[in-house]
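Data first, discussion second: the structure below is written as structure tokens.
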Number of protein chains: 2
Amino acid sequence: MATIKEIAKKAGISYSSVSRALNNQTGVRPEIRKKVLEIAQELNYHPHSSAKALVQNRIGVLGVVIPRTSEFAFQNPYYSHMLLGLSSVANDMGYHLMLVINQQQSYASLYHSHLVDGIIVLANRIDDHYIPELVRDNVPAVVVPGYPDGWEFDIPSVNSENYQDVYRAITYLINLGHRDIAFILGGMNSNYSLVRLEAYKAAFRDKGLEYKDKYIKESDFSKTDAFRLMGDLLNLPDPPSAVISINDATTPGVLHQINSRGLRIPKDISVVAIGCSDLVDLTDPPLTTIKVPVTQVGRAAARFLIELIEKGECRERHVVIPSALVVRESTGVWPNR
Amino acid sequence: MATIKEIAKKAGISYSSVSRALNNQTGVRPEIRKKVLEIAQELNYHPHSSAKALVQNRIGVLGVVIPRTSEFAFQNPYYSHMLLGLSSVANDMGYHLMLVINQQQSYASLYHSHLVDGIIVLANRIDDHYIPELVRDNVPAVVVPGYPDGWEFDIPSVNSENYQDVYRAITYLINLGHRDIAFILGGMNSNYSLVRLEAYKAAFRDKGLEYKDKYIKESDFSKTDAFRLMGDLLNLPDPPSAVISINDATTPGVLHQINSRGLRIPKDISVVAIGCSDLVDLTDPPLTTIKVPVTQVGRAAARFLIELIEKGECRERHVVIPSALVVRESTGVWPNR
DNA sequence: TGACAAACTGCAAACGTTTGCGATATCCAC
DNA sequence: GTGGATATCGCAAACGTTTGCAGTTTGTCA
């Protein structure tokens with residue numbers, strides 16, 4: 001493959017001049033530059049990224065770590081939307097994306113071995129072993145979502161309004177008259193679950209009401225588990241009048257359980273779904289949703305990380321992307337007559 | 001950051017010995033090796049991948065290109081399953097994955113600039129400009145799925161049994177008594193669409209029957225478009241008695257249209273879904289499916305590419321992964337009484 | 001003890017770039 | 001024509017590895 005030296009030889013100049021010509025640097029005559037570019041084209045020259053990286057100490061790659069171990073988690077459209085956002089910004093800013101799924105290896109080593117310039121950790125869990133290392137070793141890194149307030153260490157993060165959203169949704173349901181509101185959560189090692197459960201409780205408290213533990217169900221983020229738990233809820237002597245489902249993986253399970261019992265939404269039970277999938281408006285009826293702007297979160301995370309890499313610091317360490325409660329037809333007043 | 005030279009200095013030996021010790025090569029005394037490894041540990045040493053790549057001419061990265069331009073395409077769980085398969089094999093074989101989504105840039109240049117050792121192109125389209133370049137430049141590359149038989153150039157590929165599957169499904173429906181079988185396709189620049197439409201036609205021909213063009217609908221692979229087209233079909237004076245939906249993106253649109261008209265599956269219409277999503281068994285009724293083993297396709301593609309990279313050649317240039325028609329409850333005999 | 005092989009070790013080149021620095025050429029004003 | 005500023009250019013070092021080769025040590029056996 002063509003190298004800079006070959007171009008230099010062919011053009012009859014030194015290879016430092018070739019380098020300068022190719023990189024749009026000053027100090028090379030226009031006609032020489034033109035000639036160099038022509039020869040480069042002709043030889044199908046491409047700069048050797050490793051050689052470049054070696055001397056510039058920058059490879060132009062962002063590491064994207066998806067630490068989840070279970071297959072179903074990755075099926076969640078969450079990751080597609082996120083990657084889309086990350087990718088669009090990375091492309092625009094001249095970076096590539098290295099995707100690391102569930103590697104049983106320290107994330108920091110990706111950085112230490114100069115494979116990536118920085119790291120984005122997606123859907124981190126509260127008990128993720130490898131994250132403290134990123135902080136300790138000063139690795140440019142952003143986690144999505146961040147840790148709950150008052151966490152033991154501080155690492156840059158991007159969040160959507162996880163807390164506010166659930167708070168708004170519960171308040172909305174309470175205002176509709178609901179009191180027995182079920183919450184299908186994910187595992188409590190998920191930061192999403194933690195923060196959203198806090199919001200759930202707070203919304204009740206702030207209305208002067210009591211929430212009931214029996215309506216709070218901890219799933220493994222799978223549709224089948226959600227199906228099972230929703231079944232348990234509907235088997236209660238006093239089943240909930242509303243349910244909120246934590247993500248796009250659990251929602252189909254919830255809906256399927258409700259439908260299979262012949263219950264009508266929202267007449268018999270109201271449903272609020274949290275997620276980013278557009279499928280919600282294809283359900284019957286269209287779902288009231290906490291629309292999580294995942295692609296935008298991804299875009300923000302990429303921008304954030306690149307700033308961290310290039311400037312070495314960041315203005316704000318915790319970015320929050322606003323989101324919205326979209327009221328459609330799956331929620332209604334209670335009791336319904 | 002620690003380099004091999006620092007380790008050498010600290011251990012009081014030459015850095016070539018350090019290199020040999022770290023790489024488990026012969027020609028270094030056991031006690032020296034031990035000492036080197038200890039110091040490496042202590043200094044948190046990680047080899048500089050670019051330096052290594054520069055001399056070894058191998059970076060240990062597979063490029064994964066998703067050329068689709070539309071957002072909805074990427075939402076398809078197809079890609080998640082595929083990445084899962086790719087990632088698992090790559091991890092096992094010591095490779096990383098570079099994800100390139102919809103970059104308006106030659107794929108071959110990724111290879112020429114030594115960013116990747118080889119390339120996997122996902123869901124390639126028949127009119128993809130950048131693929132011929134891979135062939136011309138002899139880039140180690142695998143495309144998923146491959147081109148139809150008799151295509152103008154030959155590039156390694158991995159496929160599931162796209163043709164056979166549809167053929168089996170149509171034959172199955174015909175045997176149930178169906179004659180008016182609709183097919184919601186994707187765009188005809190998709191290799192999936194092309195091959196599957198061929199199979200559709202062949203299945204009819206081989207039964208001595210005629211298919212009707214009006215039942216063949218070309219979507220843009222989105223749920224909304226599928227919803228619209230399914231509406232058109234049901235508005236016909238002689239609507240189809242069965243429909244086959246080409247992927248996980250179109251299926252929800254098809255189902256939603258059917259449900260919104262109050263039609264019963266399979267009493268009023270039979271449905272066969274092609275896809276890899278597990279959501280199909282949560283629908284009501286569970287769907288008869290052509291289960292595409294996408295994760296396995298991904299695994300095969302990664303293995304294939306790695307063989308291509310390491311051996312420089314491959315035994316078979318076109319791998320086919322068997323798949324299955326899973327009969328559930330969305331298909332029934334016709335006419336139904 | 002000596003000879004020879006085998007194991008070990010270090011030197012230095014090489015991979016393909018970028019870049020600081022000094023040297024040369026060009027240009028302009030006086 | 002001279003001085004000085006400025007633009008252009010090439011040399012060589014540097015980035016962190018691997019690796020062929022030559023030199024050194026160690027071990028073995030007669």
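Residue numbering restarts at 1 for every chain, and letters A, B, ... go by the order of the sequence lines.
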Would you mind telling me which residue lines up with the more 5' stretch of DNA chain D, A:R29 or B:L22, judged by nearest nucleotide?
-> A:R29
So does A:T3 get a side-chain nitrogen or oxygen closer than 4.0 Å to the phosphate oxygens (OP1/OP2) of C:dG16?
-> no
Phosphate OP1/OP2 of D:dT19 contacted by B:S16 side-chain N/O (<4.0 Å) = no
So which nucleotide from D:dT18, C:dT17, D:dA12 ends up closest to the side chain of A:V55?
-> C:dT17
Taking the side chain of A:S14 as its heavy atoms from C-beta onward, which of C:dT18, D:dG10, D:dG16 lies nearest to it?
-> D:dG10
Shortest side-chain distance from A:Y15, nucleotide among D:dT17, C:dG10, C:dT18 = C:dT18
N/O (side chain, A:K52) to phosphate O (OP1/OP2, C:dG16) under 4.0 Å = no
Would you mind classifying the nucleic acid contact of B:N23 as base, sugar-phosphate or nothing, using non-hydrogen atoms under 4.0 angstrom?
-> sugar-phosphate
Closer to the 5' end of DNA chain C via nearest nucleotide, is it B:L54 or B:G27?
-> B:G27
Compute both the distance and the angle, then confirm whether A:R58 meets the cation-pi test with A:Y95: under 6.0 Å from the six-membered ring centre, within 45 degrees of the axis.
-> yes
Scan side-chain atoms only and decide if B:Y107 and B:D128 contain a donor-acceptor pair under the 3.5 Å cut-off.
-> yes
Establish, with yes or no, whether the OP1 or OP2 oxygen of D:dT17 is under 4.0 angstrom from a side-chain nitrogen or oxygen of B:K5.
-> no
Should B:Y45 be listed as having a side-chain N or O under 4.0 Å from OP1 or OP2 of D:dT17?
-> yes
Short side-chain N/O contact to D:dT18 OP1/OP2 from B:R20, under 4.0 Å = no
Parallel, tilted or perpendicular: which fits the ring planes of A:Y192 and A:Y78, with parallel below 30° and perpendicular above 60°?
-> perpendicular
What are the two closest non-hydrogen atoms of A:N191 and A:I126, and how far apart are they?
-> OD1-N, 3.2 Å
Does OP1 or OP2 of D:dC15 have a side-chain N or O of A:Q56 closer than 4.0 Å?
-> no
